[in-house]
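Chain identifiers are assigned alphabetically (A, B, ...) following the order of the sequence lines, protein sequences preceding nucleic acid strands; residue numbering begins at 1 within each chain.
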Protein chains: 2
Amino acid sequence: MHLSMVFNNSGRKVRQGKIMARSDTRFREAFNHLLDFCATMPAGAELPAEATLSEAAGVSRTVVRRCLTRMADLGIVAWDGRAKHLLRAPLTADRIALPDTSGGRDQLEKRFLDWVLRFDVPADTPLSVAELARTFDVAPHDLKEFLASLSRFGLVARRPRGGWILRGFTKDFAIELSDFRLILELDAIAKVAEAPVDHPVWQRLAELRAAHLALADRIATDFHEFSKLDEAFHEAINSVVRNRFMAESQKVISLIFHYHYMWDKTHEMDRNLAAINEHLAVIDALEARDAPRACEAARQHLRTSKSTLLSSLRHHALG
Amino acid sequence: MHLSMVFNNSGRKVRQGKIMARSDTRFREAFNHLLDFCATMPAGAELPAEATLSEAAGVSRTVVRRCLTRMADLGIVAWDGRAKHLLRAPLTADRIALPDTSGGRDQLEKRFLDWVLRFDVPADTPLSVAELARTFDVAPHDLKEFLASLSRFGLVARRPRGGWILRGFTKDFAIELSDFRLILELDAIAKVAEAPVDHPVWQRLAELRAAHLALADRIATDFHEFSKLDEAFHEAINSVVRNRFMAESQKVISLIFHYHYMWDKTHEMDRNLAAINEHLAVIDALEARDAPRACEAARQHLRTSKSTLLSSLRHHALG
DNA sequence: CTCAATGTATTTAATAATTTGATTCAGTCG
DNA sequence: CGACTGAATCAAATTATTAAATACATTGAG
């Protein structure tokens with residue numbers, strides 16, 4: 001077996017029996033890259049300087065030198081100081097296997113919120129970093145970093161004696177979240193009303209109006225499609241706000257509302273039909289450039305939304 | 001030398017020559033606590049069960065047993081299974097020294113922002129976790145956690161190839177921060193205007209009005225005192241908002257504005273006097289329960305504040 | 001016998017140690 | 001002299017180790 005990452009029976013990353021304290025993915029990628037580079041050259045050709053190679057592969061010279069060492073070991077190049085020339089054309093067998101790069105760092109957020117909301121983890125649940133890291137198949141310390149980033153939203157907190165707790169979706173959390181959302185969204189509405197006629201939001205709103213009307217027609221059967229429409233609607237409204245703080249906040253807010261929408265199944269069709277009409281009222285007012293009316297319509301919609309969120313919490317707590 | 005944490009010449013935490021992978025502060029505290037507990041008992045008395053002791057000391061049984069082992073080693077107690085009785089009264093010399101608990105986790109935030117703002121670290125500066133950890137005298141991984149928590153505010157970000165960068169106080173950052181502040185604060189103003197007469201905010205505003213008037217009188221000499229007054233004023237306004245999201249946001253916002261106030265020294269006295277009057281206008285309108293006027297006054301003040309922030313950035317960038 | 005207390009094993013969180021990779025700097029060959 | 005190499009240094013990522021908590025098994029006094 002050639003130099004490649006495998007897992008031994010204790011599950012640790014090893015290379016030729018030696019435990020690796022850090023993955024050498026960069027080296028692997030660079031090595032394959034350099035093999036490709038060599039393949040474009042005739043046998044016997046002189047290779048360029050280390051610095052040139054490192055720039056070509058997008059890595060440091062240190063990695064290039066490790067690659068060269070290995071290529072010399074495999075008899076692909078002869079390397080002595082500045083003199084390095086190609087001995088033979090590289091083969092497919094020379095390549096190093098790359099580890100799975102399934103690491104979607106942004107997806108961890110979605111998966112985590114999904115887990116919290118779907119399994120209805122109660123407030124003040126102690127979170128085990130080790131266990132979560134296992135279930136999400138990420139390194140414990142990556143998960144810790146993620147939890148730390150969530151702590152600013154008050155969603156999780158450090159325990160005094162170490163560890164983490166999920167502050168959870170209590171009634172207070174829901175109320176404060178809704179209030180926060182109201183403020184951000186009313187501002188967005190005001191900004192939409194002032195947007196120039198050639199702003200893409202108007203096109204988007206026209207599309208959304210059509211989609212809303214279409215769904216209203218077949219609401220009896222497709223009412224569960226509303227959740228996606230709701231998300232799209234609020235996203236369109238908030239897209240006019242170019243503000244990193246509000247955008248970051250809205251990201252979490254929309255996720256939470258999205259999931260809670262899917263929870264509460266009581267009168268779902270009626271609720272969704274009502275919400276469609278509320279959305280349409282907002283769109284109407286906006287297209288008429290009637291900012292006060294749009295704000296009032298949005299306020300009404302968010303009020304409904306808030307009470308839905310609260311009642312879904314109640315039902316959930318009771319069930 | 002008895003069992004106590006010291007630092008060897010390489011600066012690592014050691015205990016009797018052995019390197020500790022984790023601090024044993026809990027054990028030390030519990031040990032001293034149990035000594036105090038024993039001091040209240042007569043010599044020869046029987047000690048309660050391990051579980052009882054652990055509850056009393058607020059630690060797990062594991063730690064209690066370690067303490068008992070040590071107390072037996074020192075000849076303070078005789079311990080054999082359930083039989084454990086006090087042999088002699090504990091002495092001061094039996095106690096274990098505690099490591100410095102200078103760990104103010106909340107203070108790290110202030111110190112970090114202070115560093116960023118005081119030394120005018122430019123945008124997109126790579127941050128070295130190791131170096132920062134040294135300058136702030138905290139463990140590298142604590143600092144990493146802290147950076148992760150700041151990343152939600154867009155203040156720092158991960159670099160694609162590892163490490164962190166300070167996104168920094170660019171013009172865009174300042175504008176977006178100001179806009180965000182405006183929205184949060186106008187909401188707070190509206191809430192103050194609706195606050196009941198017995199709400200503590202009214203008392204606070206009355207005090208602040210007096211403080212503002214007093215400072216206005218001696219503005220020629222004490223104009224630099226305004227920075228604190230400004231912070232107090234905005235804090236009072238925002239104190240009526242009971243919302244974790246807004247509170248967390250305001251914490252960072254006020255810090256940033258606070259430091260920037262201290263930067264820009266051009267026309268400082270004039271600016272501060274103007275700001276005092278703007279504050280007073282807001283207080284006047286609020287006490288008259290005139291919400292629209294209060295909002296307009298606040299809007300005016302925040303507009304001034306925003307342009308001050310922007311001009312301080314400009315001066316700084318040029319200097 | 002019972003059950004409360006102890007003894008032991010397993011797990012987790014904190015943190016040190018180790019390895020990969022980037023960078024710096026002095027030396028060297030053309 | 002100047003571009004390149006070689007070696008040393010430093011930081012970041014990741015494993016390994018230790019302290020402490022918890023879960024489980026065992027024992028002994030009533």
Distance, rounded to the nearest Å, where A:K144 contributes NZ and C:dA13 contributes P: 9 Å
Measure CD/A:E55 against P/D:dT5 and give the value in whole Å, please. 14 Å
Examine [N]: is either OP1 or OP2 under 4.0 Å from a nitrogen or oxygen in the side chain of [X]? Give yes or no.
X	N	result
B:R158	D:dA13	yes
B:K84	C:dA5	no
A:S23	C:dT20	no

Under 3.5 Å, side-chain donor or acceptor atoms of residues 160-170 of chain B against the rest of the protein: list the pairs with distances, not counting sequence neighbours.
from, atom 1, to, atom 2, distance (Å)
B:T170, OG1, B:F173, N, 3.2

Please identify each residue that fulfils side chain to side chain contact (heavy atoms under 4.5 Å, CB included) with B:A45, with sequence neighbours left out. B:M41, B:P42
Quick one: list whatever passes side chain to side chain contact (heavy atoms under 4.5 Å, CB included) with A:A78, sequence neighbours left out. A:H85, A:L87
Is there any salt bridge (Lys or Arg N to Asp or Glu O under 4.0 Å) pair reaching into residues 73-88 of chain B, and which pairs are they, with sequence neighbours excluded? B:R88-B:D94
Scan residues 35-52 of chain B against DNA chain C and write down, sorted by residue number, each residue with any heavy atom closer than 4.0 Å; if none is found, say none. B:A49, B:E50
Acceptor/donor pairs from residues 123-130 of chain B side chains to any protein atom, 3.5 angstrom cut, sequence neighbours excluded:
from, atom 1, to, atom 2, distance (Å)
B:T125, OG1, B:P122, O, 2.5
B:S128, OG, B:E131, N, 3.0

Parallel, tilted or perpendicular: which one describes the rings of A:F245 and B:F180, with boundaries at 30° and 60°? parallel
Below 3.5 Å, does any donor atom in the side chain of B:R22 face an acceptor in the base of C:dA14, or the other way round? no
Which pairs, with at least one residue in residues 30-43 of chain B and sequence neighbours excluded, count as a side chain to side chain donor-acceptor pair (under 3.5 Å)? B:D36-B:R95
All N/O donor-acceptor pairs, side-chain side in residues 47-54 of chain A, below 3.5 Å, sequence neighbours left out:
from, atom 1, to, atom 2, distance (Å)
A:E50, OE1, A:R61, NE, 3.0
A:E50, OE1, A:R61, NH2, 3.0
A:E50, OE1, A:R65, NE, 3.1
A:E50, OE2, A:R65, NE, 3.3
A:S54, OG, A:A51, O, 2.7

Review item, nucleotides 22-26 of chain D N/O atoms under 3.5 Å of protein N/O:
from, atom 1, to, atom 2, distance (Å)
D:dT22, O4, B:T62, OG1, 3.1

More 5' along DNA chain C: A:L127 or B:P140, using each one's nearest nucleotide? A:L127
